[in-house]
Every structure is written in structure tokens, then in C-alpha cells.
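These notes concern the structure reproduced below.
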Amino acid sequence: MYSNRYLDEGPSYESYHLSEDENEDMVRAIEFSLQESKAEEIYPGDTEYPQIDEVEELAQELEETTLSSTDLSTSTGGRELKWWKLFKELNPFVHASRSTSFWRKSRKRCNILVCDVCEEEIRSDWSRCAYWGQTYCEKHTSDGTPQCCSCSRFKIGDLKYITLNDDRKLCPDCHYTAVTDPGVCKPLLDEVHRFFKGMNMKIRYYIPILLVDEKEMKKNDQKTSLGLTVYDKSELEAVTYVSRSIQKGEKVKVVKEVEHLVEGRKVKAMLLLYGLPKLDLGATLAHEMMHAWMKIEGYERLSLNIAEGICEVIAHKWLEWQSFTGDENIKGTSEKAQFLRNLKEFLKDGIEKNHSEAYGHGFREAKWAVERYGLRCTLDHISRTGKLPE
């Protein structure tokens with residue numbers, strides 16, 4: 001029931017704050033560069049500027065804090081490149097917008113912004129993935145370019161993305177730990193149960209856990225969700241779930257069966273979107289399990305912000321828990337292990353920076369309460385009053 005897809009539009013200039021001395025040095029550096037490029041007749045002795053070594057050192061320090069070598073390609077080099085990168089990133093008057101890249105219009109010989117996907121100069125709207133740093137033309141969001149349904153990265157070069165039966169795409173890294181069969185989901189379910197038991201919130205209630213594709217999820221939730229908890233008042237009587245998956249080349253086919261839900265249960269079933277990597281599906285399962293736990297324990301008539309906020313706190317805690325109890329796949333030193341650690345941080349970052357009222361603002365309010373009063377005291381207060389402690 002929660003989503004964690006975040007993108008930043010264009011470069012950010014708000015994270016760089018200069019002191020008066022640093023701002024003065026920057027202005028002098030820029031003036032020196034402009035004077036140098038206008039005419040060869042200008043000699044250093046004619047004006048009072050910092051020594052070349054000092055200016056180069058300043059530019060290098062600032063350059064290291066702004067852009068990595070892979071952020072931009074350039075049609076120029078040497079000292080002029082450093083001055084231009086310095087000016088582009090730190091000038092407070094440069095407006096960051098979706099449709100305007102300032103440095104593409106200012107000079108003929110300057111940096112150009114290049115799309116990581118098509119490797120062409122970006123001349124229109126563009127976006128940048130906040131966590132992975134992937135810069136791409138806005139057109140790729142609607143032109144059919146494969147984008148991973150978990151980590152949100154676009155296909156680059158000759159990478160082979162896996163296509164699920166509902167047309168969602170998985171990058172090779174996410175596909176490595178993807179949960180596509182109920183048999184693979186069972187160990188993950190046991191792990192989440194241990195997590196809840198460690199918080200003294202053991203669930204002794206049988207709940208059918210069903211993997212479904214996107215079509216089935218939309219049919220029952222009217223939107224694209226990663227998970228859904230079905231309560232007793234729901235009119236849903238049967239669910240078509242994925243019982244087995246078969247991969248042929250770059251495509252995954254599934255075998256489906258129908259599960260008839262039992263009436264009279266407080267929690268009739270839990271639906272999870274199949275094909276997500278273990279970390280992503282585990283966070284979703286922890287979120288939905290918290291919904292089930294509150295329902296079983298008698299938490300009633302909670303506002304959407306409180307219900308979703310506290311469930312997101314549990315999902316976030318589960319991701320943190322993986323740092324200490326995760327399997328060897330995430331603890332190793334291989335590239336795959338490093339990616340899983342990066343994916344964990346990406347998912348946490350998505351929860352923390354969610355802009356929605358219920359999942360984002362609700363999470364931050366609930367997290368504040370849990371950090372101040374503890375999880376048990378916060379839940380007890382919610383049970384008595386229906387509100388978070390202040």
C-alpha cells in the first residue's frame with residue numbers, strides 16, 4: 001500500500017551555501033576567468049587577482065563538492081572548464097527549471113547536459129533520479145524506454161531487462177533477488193514474522209499471503225499498489241494469484257490459480273505485488289503486516305495519516321533491521337551485495353522523502369513520536385486516543 005518512487009527535476013542549487021569570504025573568492029575567480037577569455041592582451045600584473053595556484057585550488061575544492069566526472073560531458077577543457085562548472089553550480093541567480101538548462105544557452109563553448117539513456121544532448125525537459133544520479137530526457141518516461149519497477153533506473157546500453165507478464169520491467173540487479181514464486185516468498189514471510197516477534201508483536205493469526213500481478217492488484221485496489229490488506233468488511237471473495245513463474249529468455253510467464261477467501265476473518269488476505277526484489281517486497285510485507293496487526297489488536301477508526309504513517313515506520317525499521325540480520329547476499333563484498341545495500345538505502349530514502357500527505361507526512365510525524373516516546377508507548381497512546389502523542 002505504499003509507493004517509493006522519487007525523482008528530482010533538474011539540478012539543485014539549494015544545497016550549497018557560501019560564506020561572504022567564499023562568495024567573494026568565487027566572484028573574483030569568475031571575473032578573472034572572463035577577463036582571461038576575452039583577450040590575450042590582459043596580463044596578470046594589470047589587475048589584482050589571486051595567484052593562479054590559489055585560484056586553481058579553490059576551484060578544485062568546489063568542483064569536488066558539486067559534480068562528479070560522470071555528471072556532465074564537455075566540449076572544452078582545462079581552466080575554462082573549471083571556471084564554467086564553478087559558475088554554473090554556485091551562481092545563486094541561475095534558476096533550476098524542468099525546461100531550461102542555463103549552461104546550454106550561455107556560451108558556445110561550454111558544458112552540455114547529456115542524457116544517460118540515449119547519450120544525446122538534452123534540449124528539452126529532463127529529470128534526474130535523486131538517489132542513483134541518472135540524468136535523462138523527460139521523453140523517456142513515455143516513449144517505452146524500459147524502467148525498473150523497483151529501483152526506477154532506466155535501461156542503458158545493451159543491458160538486458162527482464163519483462164514480467166504484466167509488462168513491468170526488472171533490471172538485472174533487482175531481478176537477482178526478485179520474488180516470483182510463493183515458495184521463494186515463504187522464507188521472507190518467516191523473516192518478517194521474526195522481525196515482529198523481536199518487537200514483542202508476534203502475530204498468531206493465520207493470514208493468506210498471495211502474490212499477484214499488477215492487473216489483479218489494480219482490480220482490487222483501483223490503483224498501482226505494492227501491497228494490499230483485505231479486511232473482514234471487504235466484499236472481495238476470491239483472488240487470482242501467481243502460483244508459479246516460468247522464465248523464458250528475457251520474459252517471465254506465470255501460472256495463476258484462484259484462492260477463495262474465508263468469510264468471518266478479521267484479515268481475509270494479504271496481496272503482494274510479485275516480481276519485486278526481496279528488500280522491496282519485505283518492506284511492503286512489513287507495512288501490510290502492521291496493518292493486519294493493528295486490525296487484530298482492535299485499533300479502529302484511525303485516520304489515514306496515522307494508520308499509514310505508523311505502517312511506514314515499521315517498513316522503515318525493517319529495512320534498518322536488514323543491516324544487522326540480513327542474509328549473506330547483503331553482507332558480502334561483491335558488487336551484488338553492494339547493490340543490495342544501495343537498494344536498501346534507496347528504499348529508505350523513498351520512505352523518508354515521500355511527498356504524499358498520508359505516507360510522507362504521516363510517516364514523519366509517526367517517526368518523531370516513536371523516536372521520542374518509543375514504539376510501544378506510541379502504539380498504546382494511539383490505541384487509547386486514536387492520535388499520536390505530542
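Numbers here are sequence positions counted from 1. None of these values were measured; they are calculated from a predicted model.
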Hey, mind stepping through Glu191 and Lys278 against salt bridge (charged side-chain N to carboxylate O under 4.0 Å, His left out) and telling me if it holds? CA-CA 11 Å; Glu191 190 174 319; Lys278 176 187 170 183; 3.1 Å; yes
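- Side-chain contact check for Gln322 versus Leu279: some heavy-atom pair is nearer than 4.5 Å.
- The two residues Gly386 and Ile306 make their nearest non-hydrogen contact at O-CD1, 3.1 Å.
- Of the possible polar contacts, one joining the Tyr161 side chain to the Phe154 backbone as a donor-acceptor pair under 3.5 Å is found.
- In this structure Asn220 satisfies the side-chain contact (heavy atoms from CB on, under 4.5 Å) test together with Glu216, Leu228, Leu236, Leu271, sequence neighbours excluded.
- Thr163 and Lys251 are not linked by any side-chain donor-acceptor pair at a separation below 3.5 angstrom, with hydrogens and angles left out of the test.
- With sequence neighbours excluded, the residues that form a side-chain hydrogen bond (donor to acceptor under 3.5 Å, both in side chains) with Glu365 are His361.
- Salt-bridge check for Asp125 with Lys139: failed, with every basic side-chain N at 4.0 Å or more from each acidic carboxylate O.
- For Phe196 and Trp293, the ring centers sit 6.0 Å or farther from each other.
- Distance check: Lys268 NZ to Glu259 CD gives 12.0 Å after rounding to the nearest 0.5 Å.
- Taken from CE in Met270 to CD1 in Ile209, the straight-line distance is 4.0 Å, to the nearest 0.5 Å.
- A salt bridge is absent between Arg364 and Glu352: the closest approach of a Lys/Arg side-chain nitrogen to an acidic carboxylate oxygen does not fall below 4.0 angstrom.
- For residues 295-305, the pairs satisfying side-chain hydrogen bond (donor to acceptor under 3.5 Å, both in side chains) are Asn305-Glu357, with sequence neighbours left out.
- Side-chain contact of Asp380 with Tyr373: a donor-acceptor pair under 3.5 Å is absent, judged by distance alone.
- Partners of Lys202 under the side-chain hydrogen bond (donor to acceptor under 3.5 Å, both in side chains) rule, at least two apart in sequence or in another chain, do not exist in this structure.
- Residues satisfying the side-chain hydrogen bond (donor to acceptor under 3.5 Å, both in side chains) test with Lys160, not counting sequence neighbours, are none.
- To the nearest 0.5 Å, atoms CG (Leu276) and SG (Cys174) are separated by 9.0 Å.
- A donor-acceptor distance shorter than 3.5 angstrom exists from the side chain of Thr378 to the backbone of Gly374, with no hydrogens or angles considered.
- At distances below 3.5 Å, at least one donor-acceptor pair connects side-chain atoms of Trp132 with backbone N or O atoms of Cys151.
- The backbone N or O of Ser356 sits less than 3.5 Å from a side-chain atom of Asn354, completing a donor-acceptor pair.
- Distance check: Met290 CE to Ile203 CD1 gives 9.0 Å after rounding to the nearest 0.5 Å.
- In this structure, His287 and Tyr359 have parallel ring planes: the angle between them is below the 30° cut-off, well short of the 60° mark.
- Panel note: side chain Asp116, backbone Tyr136; no donor-acceptor pair is recorded below 3.5 Å.
- Between Lys186 and Asp190, at least one side-chain nitrogen of the basic residue sits less than 4.0 Å from a carboxylate oxygen of the acidic one, meeting the salt-bridge criterion.
- We find that Asp166 and Arg168 are joined by a salt bridge, their nearest charged nitrogen and carboxylate oxygen being less than 4.0 Å apart.
- The existence of a salt bridge linking Glu371 and Lys367 is confirmed by a sub-4.0 Å separation between a basic side-chain nitrogen and an acidic carboxylate oxygen.
- Under the rule for a side-chain contact (heavy atoms from CB on, under 4.5 Å), the partners of Thr385 that lie at least two apart in sequence or sit in another chain are His381, Lys387.
- No donor-acceptor pair under 3.5 Å is formed between the side chain of Tyr231 and the backbone N or O of Ala292.
- Although no hydrogens or angles enter the test, the distance criterion places no donor-acceptor pair under 3.5 Å between the side chain of Gln147 and the main chain of Arg153.
- For the residue pair Thr229 / His291, no side-chain donor-acceptor distance below 3.5 Å is found, with atom types taken as modelled.
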